[in-house]
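Below is one structure; the comments refer to it alone.
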Number of protein chains: 2
Amino acid sequence: MGRWEPGARSRLRDAALALYLERGFEQTMVADIAERAGVTARTFFRHFADKREVLFDGSSELEEKSVAALEAAPATASALDAVAAALDAVAGVIGADREFARTRQTVIMVNADLRERELIKFASMSAALADRLRRRGIGDTEASLATETGTAVFRVAYERWLNATEERDLREVIRETLAQLRTLTAAG
Amino acid sequence: MGRWEPGARSRLRDAALALYLERGFEQTMVADIAERAGVTARTFFRHFADKREVLFDGSSELEEKSVAALEAAPATASALDAVAAALDAVAGVIGADREFARTRQTVIMVNADLRERELIKFASMSAALADRLRRRGIGDTEASLATETGTAVFRVAYERWLNATEERDLREVIRETLAQLRTLTAAG
DNA sequence: TCAGTGATGTCATCAGGTGACATCGGCGTG
DNA sequence: CACGCCGATGTCACCTGATGACATCACTGA
């Protein structure tokens, strides 16, 4: 540890979220965030690769969790079921605090740069999961298809969960949405 | 038209693609592109919102085409079938020149910023299509689910088409992939 | 006590991106 | 034909995000 107040990273995270919410992402300068956190702008970039990344802190750990959950799924499970297990793990983390998720989403949805970043996080997770499916012997196309579809289901369910009037379990919403997908594809 | 050589926009497009391919996206500066195209950097930004957008020129027209195709689908068509019609229209355009598609993809896939932009283009199309489905009376969740799944199928099929050894019809690959999705979701 | 280490500060610099204003040429109008 | 409007471009100034290089400080362990 250094000589200064510890927890610079979390202070930066909080400051950024607050400022993005108060005045918008583009209107917030890195210098502002740093100032509120009591550090310099240079320090901000030592903790976060860029101005957006501060809103996605911990997403790599989340990806690891999802991969672990997929690998923990029984070998007999179908590709889609394995993916479902992975999504369940993610939902367990994200679904724990809906209020935080909502404010975070409020910030993200009004800015194209942030939406882009959110999308690539999902894509990255999808690619990681597909990779594990292939190691399980699942074919190339089937693996991609299962994870891409799975993350699509997650996104739709997530939005539904965020906007729901009553407090619900995200994992349950995901299961419902997946069931809905099955009817949708079966109907054709 | 002005007093200078016409076609500045297409010259900028060509110059950018060539330079991104030669030395990479990050290593290419806007000034370089502008110079090769015979204009100033300021002019580049008058034609393209940012350094990435030059690779996605025409994507809004593509989105319009897809929306039109969806609306042209019979009212009796299922949500997924309507989306399939939209994807077919997109594939008809993109699938016309595989060599171009491959070089473009080569540039995009090695750079995270460009991948992000590509993703949001798909997301934008998905949202537009979902909107039209809702106007057809399709439920909120079903609409999102159909378009998100549809674009997922497109992405997987597109990659398959790009990497295929023999020259194939993209639309055919999409149909195959969609069929594969049906078995996948039915299997569970 | 002292050297090492890691987090931070400071400074310089570059590249992306934008606003304001000037300029040039084509085009329609009288 | 002369005029003036208008669109595309050039020029200049400036802000902000991002990064490299180097200094600094405090804590740690020998």
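All values below come from the heavy atoms of this structure, side chains included, with hydrogens, waters and symmetry mates left out. Note that the structure is predicted; figures quoted are calculated from it, not measured. So that the names make sense, note that chain A is the first sequence line, chain B the second, and so on, each numbered from 1.
- Residue pairs satisfying the ring-ring contact (aromatic ring centres under 6.0 Å, His included) criterion with at least one member in residues 72-93 of chain A, sequence neighbours excluded, are absent.
- Looking at B/Ile120 and B/Arg117, their side chains come closer than 4.5 Å, going by heavy atoms from C-beta outward.
- Atoms CD (A/Glu53) and C1' (D/dG17) sit 15 Å apart, rounded to a whole Å.
- Place B/His47 and A/Arg52 on DNA chain D by their nearest nucleotides, and B/His47 ends up nearer the 5' end.
- Residue pairs meeting the ring-ring contact (aromatic ring centres under 6.0 Å, His included) criterion with at least one member in residues 101-147 of chain B, sequence neighbours excluded: B/Phe122-B/Phe154.
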Can you give me the N/O atom pairs linking the protein to nucleotides 11-16 of chain D at distances under 3.5 Å, or say none if there are none?
none

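- Rounded to an integer number of Å, the gap from A/Phe45 CZ to C/dT13 P is 19 Å.
- For the pair A/Glu35 CD and D/dG17 C1', the interatomic distance rounds to 17 Å; values are reported in whole Å.
- In terms of position on DNA chain D, the residue among B/Val39 and A/Phe44 whose nearest nucleotide sits closer to the 5' end is B/Val39.
- To the nearest angstrom, P of D/dG17 lies 12 Å from CG of A/Asn111.
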Under 3.5 Å donor-acceptor pairs involving side-chain atoms of residues 107-115 of chain A, not counting sequence neighbours:
{"residue": "A/Asn111", "atom": "OD1", "partner": "A/Asp113", "partner atom": "N", "Å": "2.9"}
{"residue": "A/Asn111", "atom": "OD1", "partner": "A/Leu114", "partner atom": "N", "Å": "2.9"}
{"residue": "A/Asn111", "atom": "ND2", "partner": "A/Glu26", "partner atom": "OE2", "Å": "3.2"}
{"residue": "A/Arg115", "atom": "NH1", "partner": "A/Met109", "partner atom": "O", "Å": "2.7"}

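- Backbone-only contact: B/Ala49 has heavy atoms under 4.0 Å from sugar-phosphate atoms and none from a base.
- Nucleotide D/dT9 holds its P atom 11 Å from the CZ atom of B/Phe48, rounded to whole Å.
- Rounded to whole Å, the distance from CZ on B/Arg23 to P on C/dA15 is 11 Å.
- Atom CZ of A/Phe25 and atom P of C/dG17 are 13 Å apart (whole Å).
- Listed by chain and residue number, A/Phe44 satisfy the ring-ring contact (aromatic ring centres under 6.0 Å, His included) test with A/Phe48 (two or more places apart in sequence, or in another chain).
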What pairs of donor and acceptor atoms, side-chain ones from residues 58-67 of chain B against any protein atom, are under 3.5 angstrom apart with sequence neighbours left out?
{"residue": "B/Ser59", "atom": "OG", "partner": "B/Phe56", "partner atom": "O", "Å": "3.0"}
{"residue": "B/Glu63", "atom": "OE1", "partner": "B/Ser124", "partner atom": "OG", "Å": "2.7"}
{"residue": "B/Ser66", "atom": "OG", "partner": "B/Glu63", "partner atom": "O", "Å": "2.6"}

